[in-house]
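Predicted model only: the values in this text are computed from it and were never measured.
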Amino acid sequence: QVQLVESGGGLVQSGGSLRLSCAASGRTFGSYAMGWFRQAPVKEREFVSSISRSGARTYYADSVKGRFTISRDNAKNTVYLQMTSLKPEDTAVYYCAAAPRVGVSIQQSTYDYWGQGTQVTVSS
């Protein structure tokens with residue numbers, strides 16, 4: 001069992017930046033693939049980015065590629081999402097998730113643990 005707590009969301013103007021953090025409980029953080037997903041109002045939750053257990057492999061949705069960067073610090077049990085050049089369409093609740101059964105994944109179904117989410121609002 002792992003608990004995930006996101007932080008770092010907020011209100012930012014278009015073109016601005018935010019860094020989301022996700023702190024995980026437990027001593028096995030390094031054995032989980034980690035991912036970020038988001039859900040905008042009246043839309044389904046969608047994949048944003050994922051990172052492998054060691055951090056060597058990363059994946060991004062086309063909509064955020066080149067603007068967002070995922071990273072992790074296994075010593076601190078934390079995964080980050082650096083978001084730059086934010087757009088109004090990035091407005092959503094952002095969720096951190098952990099996948100214990102795979103090395104890395106973009107599929108929501110492989111993530112067993114989810115945080116409560118943090119709101120990101122980008123004004124135009």
Find out if a path of hydrophobic residues (ILVMFWY) with successive side-chain heavy-atom gaps under 4.5 Å connects [X] to [Y].
{"X": "V122", "Y": "V64", "answer": "yes"}
{"X": "V48", "Y": "V93", "answer": "no"}
{"X": "Y111", "Y": "Y60", "answer": "no"}
{"X": "V79", "Y": "M83", "answer": "yes"}
{"X": "Y113", "Y": "I106", "answer": "no"}

Between the side chain of [X] and the main-chain N/O of [Y], is any donor-acceptor distance below 3.5 Å?
{"X": "Q108", "Y": "R45", "result": "yes"}
{"X": "R38", "Y": "T91", "result": "no"}
{"X": "D90", "Y": "T84", "result": "no"}
{"X": "R72", "Y": "A33", "result": "no"}
{"X": "N74", "Y": "F29", "result": "no"}
{"X": "Y80", "Y": "T69", "result": "no"}
{"X": "S85", "Y": "G15", "result": "no"}
{"X": "S50", "Y": "S105", "result": "yes"}
{"X": "E6", "Y": "Q116", "result": "yes"}
{"X": "R19", "Y": "Q82", "result": "no"}

Just wondering, more than 12 heavy atoms not from K65 lying within 6.0 Å of its NZ?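 Yes, the 6.0 Å shell around NZ holds more than 12 heavy atoms from other groups.
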
Flag if over 12 foreign heavy atoms under 6.0 Å of CD, Q119: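 Enclosed: over 12 neighbouring heavy atoms sit under 6.0 Å from CD of Q119.
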
Where is the tightest heavy-atom contact between [X] and [Y], given as atom of each residue plus distance?
{"X": "L20", "Y": "G9", "value": "CD2-N, 3.6 Å"}
{"X": "A40", "Y": "A92", "value": "N-CB, 3.8 Å"}
{"X": "L81", "Y": "S49", "value": "CD1-CB, 4.2 Å"}
{"X": "V2", "Y": "A24", "value": "CG2-CB, 3.9 Å"}
{"X": "I51", "Y": "V104", "value": "C-CG2, 3.8 Å"}
{"X": "R53", "Y": "P100", "value": "NH2-O, 3.6 Å"}

Could you measure the distance from the [atom1] atom of [X] to the [atom2] atom of [Y]? Nearest 0.5 Å is fine.
{"X": "N77", "Y": "S25", "atom1": "CG", "atom2": "OG", "value": "8.0 Å"}
{"X": "S124", "Y": "K87", "atom1": "OG", "atom2": "NZ", "value": "14.0 Å"}
{"X": "T28", "Y": "Q1", "atom1": "OG1", "atom2": "CD", "value": "10.5 Å"}

Given the rule in the ring pair (Phe, Tyr, Trp, His ring centres under 6.0 Å) test, do F47 and Y59 qualify, once you have shown the distances and angles that lead to the verdict? CA-CA 10 Å; F47 168 76; Y59 296 91; 7.8 Å; no

Residue pair C96 / W36, side-chain heavy-atom distance below 4.5 Å: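 Yes, their side chains come closer than 4.5 Å.
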
Give me the ring orientation class for F68 and Y94: parallel if the planes are under 30° apart, tilted from 30 to 60°, perpendicular past 60°.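 Because their plane-to-plane angle lies in the 30° to 60° range, the rings of F68 and Y94 count as tilted.
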
Between L4 and Y95, is a side-chain contact (heavy atoms from CB on, under 4.5 Å) present by the stated rule, with each step listed? CA-CA 9 Å; L4 304 171; Y95 297 91; over 6 Å; no

